[in-house]
Amino acid sequence: MDAILKVEGVSKRFGGLLALGDVSFAVERGAIMGLIGPNGAGKTTMFNCVAGIYKPTEGRILFAADDAQRDVAGRKPERMTALGVARTFQNIRLFASLTVLDNVRIGRHCRTAANFFGAVLRTRSQRAEERRIVDDAMECLDFVGLGEAALSQASSLSYGDQRRLEIARALATQPRLLLLDEPAAGMNPRETEALVDLIHAILARGVTVVLIEHDMKLVMRICKHLVVLDHGVKIADGTPQEVRANPDVIEAYLGKGAAHA
Amino acid sequence: MRGAFKTLLYLAAAAALAYPLTPFRDVYVLHVLVLIMVYMVLAMGLNILPGFCGLLDLGFVGFYGIGAYTAGLLTIHYNMSFWLIVPLAAVNGAFFGVMLGVPTLRLVGDYFAIVTFGFSELVVLFLTNEIWLTRGPLGVPGIAPVSIDATWLATLLGVDSRWRYAFRGEVPYFYLGLLMVILVYCGMRRLEDSRLGRAWLAIREDPMAAASCGVDLLAYKVIAFAVSAGIGAMAGAFFARWTLFISPDMFKFWESFLVLCMVVLGGLGNINGALVGAVILIALGELLRVALPRLGLPTETRFLAYGLIMVLIMRFRPGGIFTQVAETTMQSGLIKELRARLAARRTA
């Protein structure tokens, strides 16, 4: 398997609390992987470790944007973004009082270079770069279907559109690996359908997707590979069919005894 | 309506421009106008921190003081030209901004505000006690006014005379101050509508999301601090060469508070708001200076009025007078072009 991401024995402790205990899994390049588990299982903590927001207490996180694989555990979030890892947030984190376009333009930050002097002097290269930033941002917005709303304020968008805007902003960083934290939360069935199409379109752009999701029907439908966490420990890893039949998974979701019923 | 308002604004601006040259000019009014311009620059400089980056800076006046003393001392000891001193003071202010920012910008919220407050107190204590350098509480008197020396041009042209003009009275300072305000204003607008300005606004809106977009939080906060400090120091340099006397008690904490009030009143993150805030609060301060003694109150009670204004603003209009963030961005050519493109797409 050509893995874009390998998580090896990652643990994360917050004081006495073990949020992640010796978790290992691999993400296949160009596939959709689902990270599932009950509330408080450590899924978002796992994302935060991969995205550089937390430094794992132990373990290695091997990321291979192209060929060279390197241990990226403990790198800062902005470095991870530059390497090609982008993410969305469970509780939407947009730049609320800025426009939709500006949200995505900020996403271009790590792929552009203008500095203080370029901005004040309005050099030729700075102006050309600004024009490119607008074009690239509009491309991302059109891709998620928000092009028309480019100049509205981000906070004026509907809930579903705000989630799409977060995806557009993440795509603007030109990621190789996209981490989606509960992208379908709060969406109606029609929006969820559109999201499925969008995720497949993202995949077609050559971006690998890992998603945390509670909507089991959605997960079982679009993921080829699932990893299940419970209380910070991996309890299952395999295809949706294998995971669905796993007694530990049934117990984690439905309680003790459910597997035997 | 909007057009009429604009015309009126232009007329007012033209009248203000011509005022110092008219026979109705009054030294006191001119003095207040120049003071307003100094505070406009200060407010625009401070606006970068609480306005663009969401960092509460209570020690801004420290950089103002550093700039003023840099200019004052360089003038006294080396008789340096104002045009050389301004960039030097700005660089010196920015240097102290970086020195203070690198270790302290890891702090967030109130903790950062406390450190900046401590810094400005430190500057005042330094200016008061390091008598060998600053003459302490006596201050630095006898600073030469700004002058324009074009003797080099005369020599170049083979004319044997001194082409030197030293500023006298308020009129030349009025135009020099105006030039400074316009330059800083244009610079701020350009910064706001740039990759740098967007990164600052992202930090203000949501630091975690900003980092996920690739913004190096510490680096961009330090840049903001340096730019803000540099502008503050520039205003200080102008102030020193305008009042021709500086002393440590001109740079007390109250000044920071006053500038912060201007920025909050005008609207955090709005450049035009900073200008309007400076006009309102300086004008109000001058009115109170006249009115309070007549009521039998000491002039220091004017700070009560500033406090009251802050309370009222927070209660009734927490966004300030101009609530729009990144306003100038929406006026840029690229955005206008995009708006036209979107409209064309909609009709197609």
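To find a chain, count down the sequence lines: A is the first, B the second, and so on, and within it residues start at 1. What you see below is based on every heavy atom in this structure, not just the backbone, and it leaves out hydrogens, waters and symmetry mates. Everything numeric here is computed off the predicted structure, so don't read it as measured data.
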Asks: Does A:Thr81 reach the main-chain N or O of B:Ser212 with its side chain, forming a donor-acceptor pair under 3.5 Å?
Replies: yes
Asks: Check whether A:Thr99 gets within reach of chain B through its side chain, its backbone, both or neither, counting any heavy atom under 4.5 Å.
Replies: side chain
Asks: Restricting to ring-ring contact (aromatic ring centres under 6.0 Å, His included), what partner residues turn up for B:Tyr220, sequence neighbours left out?
Replies: A:His109
Asks: Between A:Asn48 and chain B, with a heavy-atom cut-off of 4.5 Å, which part of the residue counts as in contact: side chain, backbone, both or neither?
Replies: neither
Asks: Using non-hydrogen atoms only, which part of A:Val134 is less than 4.5 Å away from chain B: side chain, backbone, both, or neither?
Replies: side chain
Asks: Heavy-atom cut-off 4.5 Å, strictly under: side chain, backbone, both or neither for A:Met138 against chain B?
Replies: side chain
Asks: Quick one: what part of A:Arg169 sits under 4.5 Å from any heavy atom of chain B, side chain, backbone, both or neither?
Replies: side chain
Asks: Below 4.5 Å from any heavy atom of chain B, which atoms of A:Gln153 appear? Answer side chain, backbone, both or neither.
Replies: neither
Asks: Do the charged groups of A:Arg131 and B:Glu337 touch, with an N to O distance under 4.0 Å?
Replies: yes
Asks: Chain B heavy atoms under 4.5 Å from A:Ala86: which part of the residue, side chain, backbone, both or neither?
Replies: neither
Asks: Strictly by modelled atom types, are A:Gln126 and B:Ser194 linked by a side-chain donor-acceptor pair under 3.5 Å?
Replies: no
Asks: Heavy-atom distance under 4.5 Å between the side chains of B:Val215 and A:Glu78, does that happen here?
Replies: no
Asks: So what's closer than 4.5 Å to chain B heavy atoms on A:Arg87: side chain, backbone, both or neither?
Replies: side chain
Asks: Determine, for B:Arg195 against A:Glu130, whether the closest basic-nitrogen to carboxylate-oxygen distance falls under 4.0 angstrom.
Replies: no
Asks: Counting only heavy atoms closer than 4.5 Å, note whether B:Met330 contacts chain A via side chain, backbone, both or neither.
Replies: side chain
